[in-house]
Amino acid sequence: MRTNENRADRTGGIKYVVAPDSFKESLSASEVAQTISEAILSVNPNASIVKVPMADGGEGTVEALVEAAQGTLHAAEVTGPRGERTRAVYGRIKQAVDGEADQDTAVLEAAALFGLSQIPANERDPYLATSRGMGELIVHLLDEGIRSFIIGLGGSGTNDGGMGLLAALGVRFKDAEGEPLAGYGRDLFEIASVDVAPIDARLKECRILVASDVQNPLCGKDGASEVYGPQKGATSEQVRALDQELARYAGLLEKAMGIVFQNHPGAGAAGGAGFALLLAGAQLMPGAELIGSAANLSAKLVDADWVITGEGKSDNQTLFGKLPVYVARLAQSAGARSLLISGSLGPQSEQLNSEFTACFSCVPRPMPLSDCLEQARDNLYHTTINVVRLADGFGGGSQR
């Protein structure tokens, strides 16, 4: 392991790797990383800083991964969550696939295609929402020659089981009169027949990696409808009805394709879009791990003295696979100290001391949540200055 003296003598001063998640409702991961970096340089202009904005598959995944991998942002017009035409942003990065040379990889996120935040709170109704836009975007990218995908499934506003997504990929759903169904939540009740033969054959040529920390199956008491339906506007009656129809829908698809995925961990992600993507040949992975690998975070931690991460709110639940702990454990493997700077520290946050050298909250005094969100950047900046003054005095060196 590298010693304190070895690291401190490195030309260019102390090396910081800044790898935060977003601060929800206030700062994107890129904005958090930039603010922390500016604060570090205000204390130590000679510091070496590597910014790696992170995400776990939810809102901000595209932006974070494109910045970390030095990719490019693009946009395409697709069907929005309520059937409207919408401009969806996606990313393109270069990534090694199966040990071969780098190839173009598209980065998509459910939050930008059929996100809950895209639907006004008083208009949320899973019967009227669809995941169709993701399927349309995948087809558009297949037409452009893309065969490698990273898809984040957090922040969705749908509960259609990925029916809209599969319909856009070519699966034919018809009602009792033989009329095609577009794939809204309400269409689950009308399915009389399923034809999977027309599904886009190019999917067999693809590598599709899905970033999701959701382990829920498609149906049942832990399924998409029961657990996440209410936040998407489902009444208790709709929750029961959707769960029943999703089971019927899944049974029809599984019989037609000869594979069973409805009970696979993560099948219930994004209102069942996880199930649809599994049927399309995708591999579901822990979000932080997938994004960290795609951003090449491990390599960027080499020779780091301090690693700073954070999120909007940290508490004992952060220990259960959340992004900051993933970053801290990689830092420990690299022999670096890790610091957590979050918007706030919640119940039993002292348990986080087992993973981090130290943990800090940005909130400087009692204040309403609205003020916390409005002043998030300033609070983060000034907190980081104090943290870095201490860290620079401590120097680099071995792990905690």
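- Under the 3.5 Å distance criterion, the side-chain polar atoms of Ser28 are matched with a main-chain donor or acceptor of Glu31.
- With sequence neighbours left out, Arg240 forms a side chain to side chain donor-acceptor pair (under 3.5 Å) with no residue at all.
- Under the 4.5 angstrom side-chain criterion for Ile, Leu, Val, Met, Phe, Trp and Tyr, the cluster partners of Val363 are Met367.
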side-chain contact (heavy atoms from CB on, under 4.5 Å) between Gln351 and Leu319, worked out: CA-CA 8 Å; Gln351 294 180 19; Leu319 294 169; 3.7 Å; yes
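- To the nearest 0.5 Å, the span separating OG1 on Thr383 from CG on Asn379 amounts to 6.0 Å.
- Note on Ile385: it clusters hydrophobically with Leu339, by side-chain heavy-atom contacts below 4.5 Å among ILVMFWY residues.
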N/O donor to acceptor pairs below 3.5 angstrom from side-chain atoms of residues 253-262, sequence neighbours left out:
{"from": "Glu254", "atom 1": "OE1", "to": "Gln262", "atom 2": "NE2", "distance (Å)": "2.9"}
{"from": "Glu254", "atom 1": "OE2", "to": "Phe261", "atom 2": "N", "distance (Å)": "2.8"}
{"from": "Glu254", "atom 1": "OE2", "to": "Gln262", "atom 2": "N", "distance (Å)": "2.8"}

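- Looking at Asp187 and Tyr249, their side chains never bring a donor and an acceptor atom within 3.5 Å of each other.
- Taking both residues in full, the closest heavy atoms of Phe23 and Gly312 are given as CD1-N, 3.7 Å, listed atom of the first, atom of the second, then distance.
- When atom types are taken as modelled, the side chain of Arg87 and the backbone of Ala75 share no donor-acceptor pair closer than 3.5 angstrom.
- Cluster note: Val214 groups with Val227, Tyr228 through ILVMFWY side-chain heavy atoms spaced under 4.5 Å, whether in direct contact or through intervening members.
- Both Phe360 and Val388 belong to a single network of hydrophobic side chains, linked directly or stepwise wherever heavy atoms of I, L, V, M, F, W or Y lie under 4.5 Å apart.
- No side-chain donor from either of Glu311 and Ser22 sits under 3.5 Å from a side-chain acceptor of the other.
- Checked by atom type, the side-chain pair Lys94/Gln103 shows no donor-acceptor distance below 3.5 Å.
- At distances below 3.5 Å, not a single donor-acceptor pair connects side-chain atoms of Glu226 with backbone N or O atoms of Gly220.
- In this structure, Ile119 shares a hydrophobic cluster with no other residue, the cluster being traced through Ile, Leu, Val, Met, Phe, Trp and Tyr side chains under 4.5 angstrom apart.
- Note on Asp305 versus Lys15: no salt bridge recorded, every NZ/NE/NH1/NH2 to OD/OE distance being 4.0 Å or above.
- Between the Arg248 side chain and the Asp243 main chain, no donor and acceptor come within less than 3.5 Å of each other.
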Donor-acceptor contacts, no H, no angles, side chain residues 153-176, under 3.5 Å, sequence neighbours left out:
{"from": "Ser156", "atom 1": "OG", "to": "Lys232", "atom 2": "NZ", "distance (Å)": "3.0"}
{"from": "Asn159", "atom 1": "ND2", "to": "Ser225", "atom 2": "OG", "distance (Å)": "3.1"}
{"from": "Asp160", "atom 1": "OD1", "to": "Ser131", "atom 2": "OG", "distance (Å)": "3.3"}
{"from": "Asp160", "atom 1": "OD1", "to": "Gly162", "atom 2": "N", "distance (Å)": "2.9"}
{"from": "Asp160", "atom 1": "OD2", "to": "Ser131", "atom 2": "N", "distance (Å)": "2.9"}
{"from": "Asp160", "atom 1": "OD2", "to": "Ser131", "atom 2": "OG", "distance (Å)": "2.9"}
{"from": "Asp160", "atom 1": "OD2", "to": "Gly164", "atom 2": "N", "distance (Å)": "3.2"}
{"from": "Asp175", "atom 1": "OD1", "to": "Glu177", "atom 2": "N", "distance (Å)": "2.9"}
{"from": "Asp175", "atom 1": "OD1", "to": "Gly178", "atom 2": "N", "distance (Å)": "3.0"}
{"from": "Asp175", "atom 1": "OD1", "to": "Glu179", "atom 2": "N", "distance (Å)": "2.8"}

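- Following chains of ILVMFWY side-chain contacts shorter than 4.5 Å, one cannot reach Leu277 starting from Leu65, and the two form parts of different hydrophobic clusters.
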Go through the steps to decide whether Leu128 and Arg82 satisfy the test side-chain contact (heavy atoms from CB on, under 4.5 Å), and finish with yes or no. CA-CA 6 Å; Leu128 304 179; Arg82 294 292 296 267; 3.6 Å; yes
Under the side-chain contact (heavy atoms from CB on, under 4.5 Å) rule, what do Phe189 and Leu242 come out as? Steps first, then yes or no, please. CA-CA 8 Å; Phe189 299 82; Leu242 283 167; 4.2 Å; yes
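- Here the OG atom belonging to Ser342 is positioned 9.0 Å from the CG atom belonging to Asp21, to the nearest 0.5 angstrom.
- Between Arg202 and Glu205, no side-chain nitrogen of the basic residue sits less than 4.0 Å from a carboxylate oxygen of the acidic one, so the salt-bridge criterion is not met.
- A continuous path of Ile, Leu, Val, Met, Phe, Trp and Tyr side chains, each step under 4.5 Å between heavy atoms, connects Ile199 with Leu279, placing both in one hydrophobic cluster.
- Distance check: Ser361 OG to Lys313 NZ gives 10.5 Å after rounding to the nearest 0.5 Å.
- Listed by first and then second residue, the ring-ring contact (aromatic ring centres under 6.0 Å, His included) pairs involving residues 130-164 amount to none (not counting sequence neighbours).
- The shortest non-hydrogen separation linking Ala336 to Val307 is CB-CG2, 4.0 Å.
- In this structure, Arg186 has no salt bridge (Lys or Arg N to Asp or Glu O under 4.0 Å) partners at least two apart in sequence or on a different chain.
- Surrounding CD of Glu144 are more than 12 heavy atoms belonging to other residues, nucleotides or ligands, all under 6.0 Å away.
- Between the side chain of Asp378 and the backbone N or O of Gln375, no donor-acceptor pair lies under 3.5 Å.
- Side-chain atoms of Ser349 do not come within 3.5 Å of backbone N or O of Leu345 as any donor-acceptor pair.
- Sorted by first and then second residue, the ring-ring contact (aromatic ring centres under 6.0 Å, His included) pairs with a member in residues 61-84 read His74-Tyr90; sequence neighbours excluded.
- If you take OG on Ser314 and CD on Gln348, they are separated by 14.0 Å, rounding to the nearest 0.5 Å.
- No donor-acceptor contact under 3.5 angstrom links the side chains of Asn216 and Asp222, judged on distance only.
- By the criterion of side-chain heavy atoms lying less than 4.5 angstrom apart, applied directly or through intervening Ile, Leu, Val, Met, Phe, Trp or Tyr residues, Val52 is grouped together with Leu330 in one hydrophobic cluster.
- Using a 4.5 Å heavy-atom threshold, the side chains of Ile208 and Leu203 count as touching.
- Evaluation of the ring-ring contact (aromatic ring centres under 6.0 Å, His included) rule for Tyr381 yields no partner, not counting sequence neighbours.
- Considering only heavy atoms from C-beta on, Ser338 stays 4.5 Å or farther from Thr309 through its side chain.
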Determine whether Phe275 and His264 satisfy the following criterion, side-chain contact (heavy atoms from CB on, under 4.5 Å), listing intermediate values before the conclusion. CA-CA 8 Å; Phe275 170 74; His264 191 285; over 6 Å; no
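- Residues Pro324 and Phe356 come closest through the heavy atom pair O-CZ, 3.5 Å.
- Gln95 and Arg207 share a donor-acceptor pair across their side chains, judged by distance under 3.5 Å alone.
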Solution key, residues 290-301 side-chain donor-acceptor pairs under 3.5 Å, sequence neighbours excluded:
{"from": "Lys300", "atom 1": "NZ", "to": "Ala68", "atom 2": "O", "distance (Å)": "2.7"}
{"from": "Lys300", "atom 1": "NZ", "to": "Ala295", "atom 2": "O", "distance (Å)": "3.0"}

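- Every residue meeting the salt bridge (Lys or Arg N to Asp or Glu O under 4.0 Å) condition with Glu136, not counting sequence neighbours, appears here in chain and number order: Arg85, Arg132.
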Determine, stepwise, if the pair Gln317 / Lys322 fulfils side-chain hydrogen bond (donor to acceptor under 3.5 Å, both in side chains). CA-CA 8 Å; Gln317 293 301 307; Lys322 294 280 188 78; over 6 Å; no
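- Of the inter-residue distances, the one linking His382 atom NE2 with Thr35 atom OG1 reads 11.0 Å to the nearest 0.5 angstrom.
- Judged purely by atom type and a 3.5 angstrom limit, Glu355 has no side-chain atom pairing as donor or acceptor with the backbone of Leu352.
- Counting only heavy atoms from C-beta outward, the side chains of Leu141 and Leu108 approach each other to under 4.5 Å.
- Atoms CG and CD1, from Leu41 and Ile49 in turn, are 3.5 Å apart once rounded to the nearest 0.5 Å.
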